[in-house]
Each structure stands twice: as C-alpha cells, then as structure tokens.
Amino acid sequence: MEAATMAWTAAGVGVALVYWFVWVMGAAEVKGKRAVDLKMGSITNDKVKDKYTQYWSFFRRPKETATTEASAEKVPAFVDTFYNLVTDIYEWGWGQSFHFSPSLPGRSHREATRVHEERVADLLQAKPGHRLLDVGCGVGGPMRAIAAHSGSNVVGITINEYQVNRARAHNRKAGLDSRCEVVCGNFLSMPFSDASFDGAYSIEATCHAPRLEDVYGEVFRVLKPGGLYVSYEWVTTSLYRADNPEHVEAIHGIERGDALPGLRRQDEIASIAKEVGFEVLKELDLALPPALPWWTRLKMGRIAYWRNSLVVRVLTMLRIAPKGVCEVHEMLYETAQHLTRGGETGIFTPMHMVLLRKPVESK
Ligand SMILES: C=C(CC[C@@H](C)[C@H]1CC[C@H]2C3=CC[C@H]4[C@H](C)[C@@H](O)CC[C@]4(C)[C@H]3CC[C@]12C)C(C)C
Ligand SMILES: C[S@@+](CC[C@H](N)C(=O)[O-])C[C@H]1O[C@@H](n2cnc3c(N)ncnc32)[C@H](O)[C@@H]1O
C-alpha cells in the first residue's frame, strides 16, 4: 500500500474511533447527555480549575466543615459549586437520577432505579391531586418517576441553578411540566408556606446538611399535619470502627468526593427525626440482604471509566470541554473506589430509609 493511502486510512480510522467513542458510545449508561456537551454548570470555562481547587481545599477536612459554625454556614455554597462541577458528568455517566439502588436480578440499572423511586411514592401513599415536596431534587429523575407512578404533583428544590434549568427542560420533554415544578433554594430555609405539602421525600440529599435537624425541621414545618416524609439517608453503619484506618480512609474519601460535611451514624437518624417532632413509622436499611449490592454498578463500570477518562482528555485537548474536567473526573473515579469499599465492607449505606409522620394534632 502506498504511504499516502496508508496515511489516509489511518486518519479515517482515527476519526471513526473518536466518533465512536464520543458520539456513538456516548455515556456509560444513558444516552441523553453527550460528552461533547459537558459543561461545568454555571461556572465559566476560565474559572473551573479555581473553583475545583476551592472546593477541594474546603472539603478536604470533612468533619471540621460540619463542626465549626463558620464553616457549616459555607457548606451550601460549596455544595452548589460541587454540583456545577459534577452535574453534567453525572448525567452523562449515570443518568438523570443521582442516587444508588439495590441491584435487581435480570433487570437493568434503569429499572432498578425506577423501582427504588416508586417505593417512595408507595410509602407516601401518594395519589393524584397530592402536592409532594422533593427535598434536593437534582435534575429531577426521581420527581418524574414519582409523578408518573402516583399521579401526584411534585415540587422540587435544589440549591443549584444549573440543575433547575436541566430539570425543567427534562420535565418539559417528558410532558410532565404541568405536574412537576422546580425551585432554586436552600432546603435549610425553604421558600414555602407552613403546612403546604401533603407529603415529602428526600433521596440521598440531606447528607449535604451540616445539621440534619435543620432540614428535618424545615420539612416538618411545610408538611400538613398527618403528612408523611420518606428519606433515603447516607450513613455509617454499626460495622464502622473509628480506630480502623481503612474504615476512616473510605469514609473520608466518600465525604471529600461527595461534598459531605461529615457522615452521620445510622442510629442518629430516628432520634433526630423525633427531636424535631416526627413520629417514626418505619426505619430500614434497604441495602441489607436479601437486597443485592448497590455498589456492583460502580464496580462493573471500570472499562467505561477508562473510556470516559480518555474521552474527557481528548475533549479537553480539543478545547471542546473546559479545563479542569479531567481533575473533576479523576476525583469522581477515586470517590467511586471509596464508595465501593464502603459497600463491600458494609460500613456505609446510601439507603437507610426512614418513614416519618407529622402528628395529626401538630400545628
Ligand atoms: C448521592 C450522591 C451521588 C451518588 C452517585 C449518583 C454518584 C457518586 C459517585 C458518582 C460517580 C463516580 C464515578 C464517575 C465516573 C468516573 C464517570 O466516568 C462517570 C460518572 C461516575 C460513574 C459518577 C456518577 C454518579 C455517582 C455514582 C452524593 C453526591 C451525595
Ligand atoms: C445527590 S443529589 C440527589 C438528587 C435527587 N434526589 C436524585 O436522587 O436524583 C443531592 C441534591 O441535593 C441538593 N442539595 C444539597 N444541599 C442542598 C441545600 N442546602 N438546599 C437545597 N438543595 C440542596 C443538590 O443540589 C442536589 O440536587
């Protein structure tokens, strides 16, 4: 073969490979967000690296961020920065629901996710005409599943403006915008009237609150008397040992890479709920057997991560993706290892479920 023909063939194969990697394979899990559309939320391209450095130095010492009052006050702003950095990567590589779910034999991740979300609607006994609150709604994957399954209306709140726009666009596309509404705000001080919701839920979101009593107190205030609240909490289990360096490293790794001001213990959740006035109707770690491991989805993704980091590197080199995306992607990769370790050792669960009721006789 002539040199020129070989060069053209190599170039053609190169272009086809890039096309296959970026456009055809798209995301690890779901098509919808394409790699070429990766943005860093509302952060301009030139600020991504700085914002990432600021985020990293703040969450490097997770426990301290929760315990000193001055630091705790800054948490929502850093959580907002975190979601500017990760929202597109999450959507691209995971889907529109930013949470875990127990694996289901013979069912896809997408189905397992939906089942985990519909369980919330069932626990809340949600019905058409009900007004539900989604506390920390992300880009609205759970909200759409719950509205579709139960026929209720859902109002979601998130601290991150970029997520609000993404969620509204997805709601419109799904034809659910008349029943799903999204508000930008802080769940530690919500812009809703007292007793204005029939039910409420939070899926893997309240772990971002420095003090759980603050967010539970707000949910209590906005619920109607008799209203139900379901929460899936991220917690350490009774197997966690603070004197085991491997345990400490896994938990710190989870906190650092997920913008958490210190994970709570499993046995703290119900007492905090009671403190703010809730009745505790049910409490269960949904990750316990017979449930199948939630972390297998993370483990199975190794080839996809490798592919994704290559895609991210190529797109950064071509200046299609902003500088700093590679660092954020690397951070998420490491976080995935810590989460897997937390799951395998059983010291951590992202699905400690509590079903709470605001007493009928309360104001
Ligand atoms: C509830 C929270 C988020 C939970 C999960 C949705 C995310 C936790 C870790 C994330 C990921 C880790 C590895 C990424 C991978 C390197 C990349 O190529 C594709 C996306 C990941 C799989 C990403 C997806 C979302 C997570 C699983 C927290 C923040 C409270
Ligand atoms: C891991 S995501 C989960 C999103 C959604 N529940 C889901 O399962 O797809 C956590 C969500 O909590 C929101 N959040 C964190 N701290 C918040 C705060 N102080 N006020 C409002 N939303 C907050 C984030 O913006 C994000 O949308």
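This structure is a prediction, so every number in the text was calculated from the model and none was measured.
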Is there a donor-acceptor contact under 3.5 Å from the side chain of R110 to the main chain of G95?
-> no
Taking side chain as C-beta onward, heavy atoms only, is V86 less than 4.5 Å from Y90?
-> yes
Can you check whether S108's main-chain N or O pairs, donor with acceptor, with E111's side chain at less than 3.5 Å?
-> yes
pair L315-V312: side-chain heavy atoms closer than 4.5 Å = no
Spacing of CG belonging to L124 relative to OG belonging to S150, to within rounding of 0.5 Å = 8.5 Å
So if you build clusters from Ile, Leu, Val, Met, Phe, Trp, Tyr with side-chain heavy-atom gaps below 4.5 Å, do I203 and Y216 land together?
-> no
Check whether any side-chain heavy atom of Y52 sits under 4.5 Å from a side-chain heavy atom of M40, and report yes or no.
-> no
Determine, using the 4.5 Å side-chain heavy-atom cutoff (strictly less than), whether L85 and Y162 are members of one ILVMFWY cluster.
-> no
Verify the neighbour count for atom CD of E279: are there more than 12 heavy atoms of other residues, nucleotides or ligands below 6.0 Å?
-> yes
Can you establish whether the number of heavy atoms outside R179 located under 6.0 Å from its atom CZ is more than 12?
-> yes
Going by an N to O cut-off under 4.0 Å, is there a salt bridge joining R256 and E334?
-> no
With a 3.5 Å cut-off and no angle check, do the side chains of S103 and T296 form a donor-acceptor pair?
-> yes
For W294 against G343, the heavy-atom pair lying closest together | CZ2-CA, 3.5 Å
Where H247 and L239 come nearest, the two heavy atoms and their spacing | CE1-O, 3.4 Å
Residues at least two apart in sequence or cross-chain that pass ring-ring contact (aromatic ring centres under 6.0 Å, His included) with H99, listed by chain then number, are H116
Is the shortest heavy-atom distance from the side chain of L104 to the side chain of L292 under 4.5 Å?
-> no
From K127 atom NZ to D198 atom CG, the distance as rounded to the nearest 0.5 Å = 9.5 Å
Are I157 and P191 close enough that some pair of their side-chain heavy atoms sits under 4.5 Å apart?
-> yes
Note: G342 and T345 closest approach over all heavy atoms is O-OG1, 3.3 Å
Check against side-chain contact (heavy atoms from CB on, under 4.5 Å), V280 and K274 = CA-CA 7 Å; V280 179; K274 284 182 201 151; 3.8 Å; yes
Apply side-chain contact (heavy atoms from CB on, under 4.5 Å) to F278 and V354, showing your working.
-> CA-CA 11 Å; F278 280 115; V354 280; over 6 Å; no
Hey, could you give me the CG/OG1 distance between D267 and T237, rounded to the nearest 0.5 Å?
-> 10.0 Å
Not counting sequence neighbours, which residues clear side-chain contact (heavy atoms from CB on, under 4.5 Å) with S202? List them please.
-> V135, T206, Y229, S231
How about R131: does its CZ atom have over 12 heavy atoms from other parts shown lying under 6.0 Å from it?
-> yes
Between E233 and R264, does at least one N-O distance fall below 4.0 Å, as a salt bridge requires?
-> no
Ignoring hydrogens and angles, tell me if any N or O in the side chain of T87 forms a donor-acceptor pair with the backbone of N84 under 3.5 Å.
-> no
Could you check if a side-chain atom of Q266 sits within less than 4.5 angstrom of a side-chain atom of E283, using non-hydrogen atoms only?
-> no
Is there a donor in the side chain of Q54 and an acceptor in the side chain of T81, or the other way round, less than 3.5 Å apart?
-> no
Given the rule that I, L, V, M, F, W and Y join up when any side-chain heavy atoms are under 4.5 Å apart, are F58 and V48 in one cluster?
-> yes
Could you tell me the separation between the SG atom of C137 and the CD1 atom of I146, rounded to the nearest 0.5 Å?
-> 11.0 Å
Does the side-chain contact (heavy atoms from CB on, under 4.5 Å) test come out yes or no for L188 and E218, once each step is laid out?
-> CA-CA 7 Å; L188 303 172; E218 273 295 89; 5.7 Å; no
Close side-chain approach of V183 and V164, heavy atoms under 4.5 Å = no
Between R341 (side chain) and E246 (backbone), is there a donor-acceptor pair under 3.5 Å?
-> no
Before giving the answer on side-chain contact (heavy atoms from CB on, under 4.5 Å), spell out for K358 and F197 the whole-Å C-alpha distance, their side-chain angles and the decisive distance to 0.1 Å.
-> CA-CA 11 Å; K358 178 168 173 171; F197 289 93; over 6 Å; no
Sub-3.5 Å donor-acceptor pair from the side chain of T236 to the main-chain atoms of I347, do we have one?
-> no
D194 side chain to V222 backbone, donor-acceptor under 3.5 Å = no
Checking side chain to side chain donor-acceptor pair (under 3.5 Å) against Y83, which of Q163, H208, E161 comes through?
-> H208
Same apolar cluster: L284 and F100, side chain cutoff 4.5 Å | yes
Out of curiosity, does L133 fall in the hydrophobic cluster containing F187 (side-chain heavy atoms, cut-off under 4.5 Å, transitive links)?
-> yes
Distance from Y201 atom OH to R119 atom CZ, nearest 0.5 Å?
-> 16.0 Å
Closest non-hydrogen atom pair between S152 and A126, with its separation | OG-CB, 3.3 Å
Report yes if some heavy atom in the side chain of I89 is under 4.5 Å from a heavy atom in the side chain of N308; otherwise report no.
-> no
Search all heavy atoms of L281 against all heavy atoms of L228 and return the closest pair with its distance.
-> CD1-CD2, 3.7 Å
Could you give the distance from CE (M331) to SG (C326), rounded to the nearest 0.5 Å?
-> 13.0 Å
Return the minimal non-hydrogen interatomic distance between H130 and Q125, and the atom names on each side.
-> CE1-O, 3.6 Å
Using modelled atom types only, decide if a donor and an acceptor are shared between the side chain of R168 and the backbone of V182 within a distance under 3.5 Å.
-> yes
